[in-house]
Amino acid sequence: MSTERTEYLSPDLLQPFENNPFQSVDENEYDELRDSIKEFGIITPLIVNKSDNGYEIISGHRRWQIAKELKLEVVPVYVRELSKEEAIISFVDCNLCREKILPSEKARAYKMRHDAMKKQGARTDLTSSQVGTKFRSDELLAETMPDSRMQIQRYIRLNNLQKPLLDMVDEGRISFTPAVELSYLTEAEQLDLIETIESEDCTPSLSQAQRMHKLSDEKKLTMDDIFSIMQEQKANQKEYIRIPVETFRKYFKKDMPPKQMEEITEKALARYAAFLQKQRRWER
């Protein structure tokens, strides 16, 4: 049970957390929370940080917004007095437990917390393996977060994506792993890729993203390269007619390899197409 003392403050005295990355709202969940607060009030107190500028919300932005909509006079809060870096760390920790978080939100949140830990003096060198009194902030971050140190680094990489590409990641048009590869492209290269995606209505696979990454590292990635790579047909875009092997076995020797059956079938279909063409000429 929490030992913090509950205080009651006017919603007007509270302000949203600065640069809050968690902006997406599930309308159904919001409506359910609103109905609950309307009937029972705010059961779980908000967490706020007392600063020179007033009370900044650490946890409870939706409850605060609903309180204003319902014109509640006061809301229950736990008041803390934290430094700017401590507030950021606490804010991220409280909000990363949400069920639905967009990749872009997670990317910005991890970066905010990583930068705050860095300012506190945590070691952020990603290459040194020496043991010291300070620890890498990404390792410390991973100890309290649901993702591994490597995965946290990959999320932070997404902050290097141009907004249209990051939006495509949030929309599910570009998968997470290809997006990480694309984050290594320069701004100009990313803009060329965005133009190609829009004109050709296609998004890169992991293999395509990796090749663009490699060419970019070699300073060889041009608009023509991007267009050529994106024009390739992906395996999952090919159409197939699936026929059980048993159907073919009725017409071939039992020990005939599937590849040979495929070649003979293709030749048979070619002959059948030629027969149909000849038949159409006879019918004219």
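Heavy atoms only: backbone and side chains are in, while hydrogens, waters and symmetry mates are out.
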Within residues 65-83 or reaching into it, pairs that qualify as salt bridge (Lys or Arg N to Asp or Glu O under 4.0 Å) - sequence neighbours excluded: Glu4-Arg80, Arg34-Glu69

Under the rule for side chain to side chain contact (heavy atoms under 4.5 Å, CB included), what residues qualify as partners of Ser36, not counting sequence neighbours? Phe40

Taking salt bridge (charged side-chain N to carboxylate O under 4.0 Å, His left out) as the definition, give me every residue that meets it alongside Arg62, ordered by chain and number, with sequence neighbours left out. Glu29

Applying side chain to side chain contact (heavy atoms under 4.5 Å, CB included), can you list everything that pairs with Glu200, at least two apart in sequence or on another chain? Thr196, Cys202, Phe227, Gln231

Taking side chain as C-beta onward, heavy atoms only, is Leu70 less than 4.5 Å from Ile37? yes

So do Leu9 and Val74 actually touch side chain to side chain, heavy atoms under 4.5 Å? no

Pairs meeting criterion salt bridge (Lys or Arg N to Asp or Glu O under 4.0 Å) with involvement of residues 187-198, two or more places apart: none

Taking Ser10 for its side chain and Asp12 for its backbone only, find out whether a donor-acceptor pair lies under 3.5 Å. yes

Can you list every pair that meets ring pair (Phe, Tyr, Trp, His ring centres under 6.0 Å) and has a residue in residues 14-36, with sequence neighbours left out? Phe17-Phe91, Phe22-Phe91

Can you check whether Ser104 reaches Val169 side chain to side chain, under 4.5 Å on heavy atoms? no

Just so I know, are the side chains of Val75 and Pro45 near enough to count as touching, which here means a heavy-atom distance under 4.5 Å? no

For Ala107, check side chain to side chain contact (heavy atoms under 4.5 Å, CB included) against everything at least two apart and list the hits. Leu158, Asn159

Salt bridge (charged side-chain N to carboxylate O under 4.0 Å, His left out) partners of Lys163, counting only residues at least two apart: Asp167

Without hydrogens or angle criteria, can the side chains of Thr222 and Asp225 be said to hold a donor-acceptor pair below 3.5 Å? yes

Examine distances only and state if a side-chain atom of Glu105 and a backbone atom of Leu102 form a donor-acceptor pair shorter than 3.5 Å. yes

Partners of Arg157 by salt bridge (charged side-chain N to carboxylate O under 4.0 Å, His left out), sequence neighbours excluded? none

Decide whether Tyr110 and Ile101 are clustered together by the hydrophobic rule: side chain heavy atoms of Ile, Leu, Val, Met, Phe, Trp, Tyr closer than 4.5 Å, transitively. yes

Heavy-atom side-chain contact between Ser205 and Gln208 under 4.5 Å: yes

Residue pairs, two or more places apart or on separate chains, that pass ring pair (Phe, Tyr, Trp, His ring centres under 6.0 Å) and touch residues 190-210: none

Indicate yes or no for a side-chain donor-acceptor contact from Gln190 to the backbone of Gln162 under 3.5 Å, with no hydrogens or angles considered. yes

Short N-O contact, Lys111 and Asp115, less than 4.0 angstrom: yes

Quick one: which residue pairs count as a ring pair (Phe, Tyr, Trp, His ring centres under 6.0 Å) with a foot in residues 172-218, not counting sequence neighbours? Tyr155-Phe176, Tyr184-His213

Sorted by first residue and then second, give each salt bridge (Lys or Arg N to Asp or Glu O under 4.0 Å) pair with at least one member in residues 171-186; sequence neighbours left out. none

Can you confirm whether Pro204 sits close enough to Met212 that some side-chain heavy atom of one is under 4.5 Å from a side-chain heavy atom of the other? yes

Assess whether a salt bridge exists between Lys84 and Glu86, defined as any Lys/Arg side-chain N lying under 4.0 Å from an Asp/Glu carboxylate O. no

